[in-house]
Amino acid sequence: MGLLSGKEVAEALKAQMAKDVEALKAKGVTPTLGIIRMGEEPNDISYEKGATKTCEGVGAAVKVFAIPREASQDELLKVIKQVNEDKAIHGVLLFRPLPKQINDNVARAALLPGKDMDGITDGSMAGIYSDSGAGFPPCTAESVIKILDHYKVDVAGKNVVVLGRSTVIGKPVSMLLLKKNGTVTVCHSKTKDLPKKTQEADIVVVAMGRAWSVDKSYFKAGQYVIDVGVNAKPNGEKGTCGDVKTEEVEPIVAGITPVPGGVGSVTSANLVCHVIEAAKVASV
Ligand code: NAP
């Protein structure tokens, strides 16, 4: 299988989304994403462009709520209340990190879990751990599952090792893998002998944010590797790289996602999937 292209997964998701949007529009519903952005942070602008392109490509709509970076917490809360109450907006993406005058917990708590498209509210997180179906998982964490599903990598009964335990990736992806009946081991910076742990796995998800830190000594034949890392190249070259040394690992394992062109390519498509799912719920 070699390289597991995230672009291919995103294209398949988009093809399905275009059909879903058509069906929703026939019922008079246009799935609409509300984006709340404070200021003009380059990362936010770049993600907004990608999400807008994906939405427009499948026939969904985007409404951007841009407020100055120096706006007060009350001003932000007013916008969040507005999108919560707007029935024509099915899902919301709130760009973080927020500026320092905003209490992140207060902002997250203000957003309705049903409108939270990127699993940032406590309600969405509870939904992942309780299997209640409330809210949506973080887009990137769920993209890992969508990639495994697309390439028909069965998780049930497999040993899965996750490197990283952040709230946005490591923990939620571990819960999603557990839900798929994987036997999941979560590793972190205090874990001893990481290569021994990963060598015992069938599937390895790497989300440490450490450029090219995971080499071929971590892997064996037949494994599937999902590299979530997106890092500046440590050698000073332009562009991004993953946590894994893809070039030396790819010939050994059964499949590995590249960076760029892997998990990151699926993330914004998955965001729009969530908007369409929320629109379906609203249209019933
Ligand atoms: P994070 O919050 O910094 O968490 C990193 C995790 O890795 C922590 O749990 C940390 O352990 C663990 N870790 C760090 N160094 C380690 C080491 N040497 N050995 C074992 N574990 C180690 O990062 P994050 O937000 O989860 O992001 C991880 C990566 O994913 C980053 O490169 C980020 O840019 C990328 N990312 C990609 C996408 C995408 O769309 N593809 C989206 C979001 C993020 P401790 O808990 O013990 O500190």
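Numbering of ligands and ligand atoms starts at 1, following listing order.
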### Residue portion contacting ligand 1 (non-hydrogen atoms closer than 4.0 Å) for N231
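Near ligand 1, N231 shows its side chain, while the N, CA, C and O stay back.
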
### Message
Using a 4.0 Å heavy-atom cut-off, which part of L194 comes near ligand 1: side chain, backbone, both, or neither?
### Response
side chain

### Message
At less than 4.0 angstrom from any non-hydrogen atom of V168, what atoms of ligand 1 do you find?
### Response
25 (O)

## Note on the structure
Counting from 1 in the order shown, the ligand 1 atoms closer than 4.0 Å to a non-hydrogen atom of G264 are 40 (O), 41 (N)

Identify the protein heavy atom lying closest to [atom], giving its residue, its atom name and the separation to 0.1 Å.
atom	value
atom 24 (P) of ligand 1	S166 OG, 3.7 Å
atom 14 (C) of ligand 1	R210 NE, 3.6 Å
atom 46 (O) of ligand 1	R165 NE, 2.7 Å
atom 31 (C) of ligand 1	G209 CA, 3.4 Å
atom 45 (P) of ligand 1	S189 OG, 3.4 Å
atom 22 (C) of ligand 1	M208 SD, 3.5 Å

Options [options], ranked by nearest heavy atom to [atom], top entry:
atom	options	value
atom 35 (C) of ligand 1	L163, V228, T191	V228
atom 21 (N) of ligand 1	K190, H188, K197	H188
atom 44 (C) of ligand 1	D243, T140, I169	I169

### Query
Among L76, I35, I89, which residue meets the side chain to side chain contact (heavy atoms under 4.5 Å, CB included) test with F65?
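For F65, the side chain to side chain contact (heavy atoms under 4.5 Å, CB included) check succeeds only for I89.
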
### Task
Using a strict cut-off of less than 4.0 Å between a Lys/Arg side-chain nitrogen and an Asp/Glu carboxylate oxygen, indicate whether K19 and E22 qualify as a salt bridge.
no

### Message
Any salt bridge linking D116 with R108? Criterion: basic side-chain nitrogen under 4.0 Å from a carboxylate oxygen.
### Response
no

### Query
Can you check whether G59's main-chain N or O pairs, donor with acceptor, with K25's side chain at less than 3.5 Å?
yes

### Task
Report yes if V230 has an N/O atom closer than 3.5 Å to an N/O atom of ligand 1; otherwise report no.
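N/O-N/O distance under 3.5 Å: yes.
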
